[in-house]
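One structure below.
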Amino acid sequence: MSAVIAGQVSAQTDQSSNELEHIEVHPLQAYRNTATKSSVKPIESPVSISVIDQSLLQLRQADTVSKALRYVSGVTTESRPTITIFDQFTIRGFTTYQTFYDGLPLLTNNNWNLYPQVDAFATESLEILKGPASSLYGVVPPGGLVNQVAKYPEKEDETIVRLAVGSDNLLELGLDSADEIDENSRYRIVALGRSRDGYQQTTETERYTFAPSLTMDISDATEVSLTAYYQEDPQMVPSTPLPSVGTLFEAPYGKLAPDTYAGDKNWNQFSRDVLMLGYKLHHEINDAWSVLQKLRYTDADALQQNTYHNTLAEDEVTLLRSAYLTDETIDGVTVDTQLSGIVDNETISHQLLFGMDYQESDSQVAYKDTLGMQTPVLALNNIDNELFDVDALPLSFYQEDHQIDIRQLGFYAQDEITLGSITVLLNGRYDHYDSTDEVANIYAQSAYGSTATIDQSQFSGRVAAMYRFESGWRIYANYSESFEPVTGTDAQTGEAFKPTTANQTEVGTKFQSASGKTTFTAAYFVLNKQNVVVNTPDFARQTQNGEVQSKGGELELSHQFTPQLTIQANATLLDMEVTDNPLDQKLIGKTPVWVAEETASVWANYFFDDLLQGLTAGAGVRYVGETQLDKYNSDTVPSYTLIDAVLSYDIPTYDMTLSGSVSNLTDNDYVGACFDAGNCWFGAQRRFEFALQKRF
């Protein structure tokens, strides 16, 4: 939706105030709104942006980005909720796996499985910018981006210890401690340990996070924050699908249980280590101009052992599998330098922004695959998850070794023009992106190799305008662009592919009452993606003139009915289709997979008073419409409706909060999504947890 989700009240809100809490998180004076990289509030931004704060992440049992996005319009999340190695979601119909952390991209090579994740407990808030964002951020999928705002030191002395237990053997211990060292420096330490069984049989998850930070006032005009983030994930759940026969459709043995696992306990696993070191420097040159620089170094690795199935045998019972391995590393740096200032005269104000960002990374990937040779099959009518003799797998039969180097340099400028009740936003960016992927292959003891290169430049622009009425209503419109690099050569022209581009036209309205008790936003958009690389059905030829269009409307409402009752609701209607594919005409008019064309949700909180003061009850209902079984839309994955609930009790005398939460309260069995008839994923089963949070 196209505004701040204002007024979402946590269990820790001071109920005696009887006022609606606004989610406007500004941990440092160097805070920048994700939509504009400026200090303008999200409600005043002439674009679509939603914000979710830390208290809601905890209140709704949101320990991942995907879970946090459950109640945001325009977003379809948890299509594969049983896996944990990355956060997958669609924004306005376009899939993304990558998030930003404190305004900088979490480094990845975009082709494999090493996607760093920042735990929700270490996140102050999430800002969801919808629509093309390349005019500020460079390479971004056209649907938009999710930015996790980091927790930074605060001047208030507070330590929070959180202990949680729950279903699937959940055990979690978290620490969030902040204090002043002296009048010019302060620190914050965030630490977390969590272990839990996965949704599927024999799977497990385990995580350890340590994120210290130090902020120092170098002078009255200069502040610097030093940050570190280390996360070890010894056990995670990789993506291991099941066929549609047995999940969506009846098999000879009936249907599979929702906790069925097609992997093998002796083989399937995923582990990851991520280290990020950085700083954030903010310097006020004078009352009007300032400089902000953010830099982060990343060193990460991941080892995956997994299986995929080649086909389901004619008996519709025997699953033919291959075992594969990916061993990945990445290290690199990303930096963003911004110069911002205000130029005023008697009638008009210009808030100017000039920036340059750069990222460079190199990664290595070792891939091995049995190609089905000597790989035990799985009988779906009699699941046995301990069939593999790991030492006997012929992983050396097929191998790939990749050396991937990526560099991106971008220059951008922005002018926020304010004239009375009118705001006009103009910004543009020029990017140069180049990468090489050197591959050494072995197949049946025969060695060969290849090199894929990208050397592309692109300009992306955005123009937006908003008019504010005295009543609290705002109307706005914008046009924005994005791009994504593409590797390969066009089989029809013989030329190297150009970047895939997208453009969006959007109109909308925002309303916030003077009391802050009511916030409403609405947006309508038409988003077109061009220069899409398309294939013949047998992948024999590729060309680059495919197109996809996504258009629709989004609504969000937040309202405080009484001092005790608040409600948030949203709805999305999305019409997405392939509008051009010259090499496969059957795809024209079809809806891509993963895309739900209707979604809606409502969440209510009730804060008890009198004898039950301190008790908060919350409940939510979320609806996800049907999605497509495959790219040809031969069948559909049914819609589903899920209920979540929370109950918390705040004990101010002891600075303590007790809470309980449950997701999928009715334990509804459903299929989250399918990529095609051979690859489907069950939805998340019911889970509950109980937490004790103590403040010191």
Side-chain angles (χ1 to χ4, degrees), residues 61-70 75-90 95-99 106 108 110-120 146 167-168 170 194-207 231 233-244 247 256-265 267-272 274 300 302-309 319 321-326 328 378 385 593-594 596 624 627 637 640 642 663-664 669-676 678-687:
Q61 194 187 333
D63 56 4
T64 68
V65 171
S66 292
K67 290 181 182 179
L69 299 176
R70 287 172 171 173
V75 180
T76 302
T77 183
E78 297 183 291
S79 297
R80 294 187 277 180
T82 56
I83 70 174
T84 62
I85 64 173
F86 45 65
D87 298 301
Q88 177 195 352
F89 45 89
T90 66
T95 301
T96 182
Y97 299 89
Q98 184 186 38
T99 59
L106 291 170
T108 173
N110 296 314
N111 293 314
W112 295 89
N113 302 282
L114 178 48
Y115 289 89
Q117 289 175 300
V118 173
D119 197 90
V146 173
S167 57
D168 296 322
L170 169 67
R194 180 192 299 124
S195 64
R196 191 170 205 166
D197 294 339
Y199 287 105
Q200 299 159 306
Q201 289 290 334
T202 75
T203 61
E204 301 176 41
T205 64
E206 189 177 359
R207 169 167 292 175
Q231 188 163 289
D233 295 305
Q235 293 283 346
M236 305 190 78
V237 182
S239 178
T240 310
L242 290 161
S244 58
T247 54
L256 297 167
D259 63 351
T260 299
Y261 189 45
D264 195 275
K265 183 179 181 181
W267 172 252
N268 291 66
Q269 61 175 294
F270 189 103
S271 61
R272 180 180 59 204
V274 176
L303 175 63
Q304 175 181 219
Q305 296 175 186
N306 201 3
T307 55
Y308 64 90
H309 48 267
L319 194 63
R321 298 183 291 181
S322 292
Y324 70 95
L325 174 152
T326 60
E328 308 173 46
L378 182 67
N385 295 119
V593 297
W594 310 121
V624 178
T627 56
V637 179
Y640 57 88
L642 304 175
S663 58
N664 191 2
D669 292 343
Y670 65 101
V671 174
C674 295
F675 181 77
D676 54 32
N679 295 274
C680 297
W681 292 265
F682 275 116
Q685 304 152 57
R686 178 169 56 203
R687 272 187 168 173

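All values below come from the heavy atoms of this structure, side chains included, with hydrogens, waters and symmetry mates left out. Sequential numbering from 1 along the given sequence is applied to the chain's residues.
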> Taking the side chain from Trp112 and the backbone from Thr326, do they hold a donor-acceptor pair closer than 3.5 Å?
Replying inline: no
> What's the shortest heavy-atom distance between Ala684 and Pro81, and which atoms?
Replying inline: N-CG, 3.4 Å
>> If I compare all heavy atoms of Thr77 with all of Ser66, which pair ends up nearest, and what's the gap?
In response: OG1-O, 2.8 Å
> Which is it for Thr90 and Val75 under the side chain to side chain contact (heavy atoms under 4.5 Å, CB included) test, yes or no, and what are the steps along the way?
Replying inline: CA-CA 6 Å; Thr90 66; Val75 180; 5.8 Å; no
> Does a side-chain heavy-atom distance below 4.5 Å link Glu204 with Met236?
Replying inline: no
> Are more than 12 heavy atoms from other residues, nucleotides or ligands located less than 6.0 Å from atom CZ of Phe675?
Replying inline: no
> Within a strict 4.5 Å, meaning less than it, do heavy atoms of the Cys680 and Ser244 side chains meet?
Replying inline: yes
>> Using every non-hydrogen atom in the two residues, find where Gln231 and Asp119 come nearest and quote the distance to one decimal.
In response: OE1-N, 3.7 Å
>> Classify the ring geometry of Tyr97 against Phe86: parallel below 30°, tilted from 30° to 60°, perpendicular beyond 60°.
In response: perpendicular
> Cut-off 3.5 Å, side chains only: do Arg272 and Gln117 have a donor facing an acceptor?
Replying inline: yes
> Of the non-hydrogen atoms in Leu114 and Thr108, which two are nearest, and what is the gap between them?
Replying inline: O-OG1, 3.2 Å
> Heavy atoms, side chains only, cut-off 4.5 Å: are Leu242 and Thr260 in contact?
Replying inline: yes
> Nearest 0.5 Å, what's the OG-CD distance between Ser167 and Gln685?
Replying inline: 9.5 Å
> Per the side chain to side chain donor-acceptor pair (under 3.5 Å) rule, which among Arg70, Gln88, Lys67 passes with Glu78?
Replying inline: Arg70
>> Rounded at 0.5 Å granularity, tell me how far CG in Asn268 sits from CD in Gln304.
In response: 8.5 Å
> Under 4.5 Å between any side-chain heavy atoms of Phe89 and Val146, yes or no?
Replying inline: yes
> Less than 4.5 Å apart, any side-chain heavy atom of Gln235 and any of Thr205?
Replying inline: no
>> With no hydrogens and no angle check, just 3.5 Å: does a side-chain donor-acceptor pair link Gln201 and Asp259?
In response: yes
>> Could you measure the distance from the CZ atom of Phe270 to the OG1 atom of Thr240? Nearest 0.5 Å is fine.
In response: 11.5 Å
> Are Phe682 and Val671 close enough, and set up right, to give a side chain to side chain contact (heavy atoms under 4.5 Å, CB included), and what steps lead you there?
Replying inline: CA-CA 4 Å; Phe682 275 116; Val671 174; 4.3 Å; yes
> Passes side chain to side chain contact (heavy atoms under 4.5 Å, CB included), Leu303 versus Leu325? Steps please.
Replying inline: CA-CA 8 Å; Leu303 175 63; Leu325 174 152; 4.2 Å; yes
> Could you give the distance from CG (Asp669) to CZ (Arg686), rounded to the nearest 0.5 Å?
Replying inline: 10.0 Å
> Does any non-hydrogen side-chain atom of Asp233 lie less than 4.5 Å from one of Glu206?
Replying inline: no
> Is the shortest heavy-atom distance from the side chain of Leu642 to the side chain of Tyr670 under 4.5 Å?
Replying inline: yes
> Sub-3.5 Å donor-acceptor pair from the side chain of His309 to the main-chain atoms of Ser322, do we have one?
Replying inline: no
> Is the shortest heavy-atom distance from the side chain of Val237 to the side chain of Ile85 under 4.5 Å?
Replying inline: no
> Can you tell me how far the CG atom of Asp264 sits from the CG atom of Asn306, to the nearest 0.5 Å?
Replying inline: 11.0 Å
>> Assess the residue pair Thr247 and Trp681 against the criterion (side chain to side chain donor-acceptor pair (under 3.5 Å)); give the C-alpha distance rounded to whole Å, side-chain angles, the decisive distance to 0.1 Å, and a yes or no.
In response: CA-CA 8 Å; Thr247 54; Trp681 292 265; over 6 Å; no
> Once you round to the nearest 0.5 Å, how far does OG1 of Thr307 lie from OH of Tyr261?
Replying inline: 6.5 Å
> So which heavy atom on Ala596 is nearest to which on Thr76, and how close?
Replying inline: CB-OG1, 3.9 Å
>> Please give me the minimum heavy-atom distance between Ser239 and Ile83, naming the atom from each residue.
In response: CA-CG2, 3.4 Å
> Between Trp594 and Arg80, does a side chain to side chain contact (heavy atoms under 4.5 Å, CB included) hold up when you go through it step by step?
Replying inline: CA-CA 10 Å; Trp594 310 121; Arg80 294 187 277 180; 3.7 Å; yes
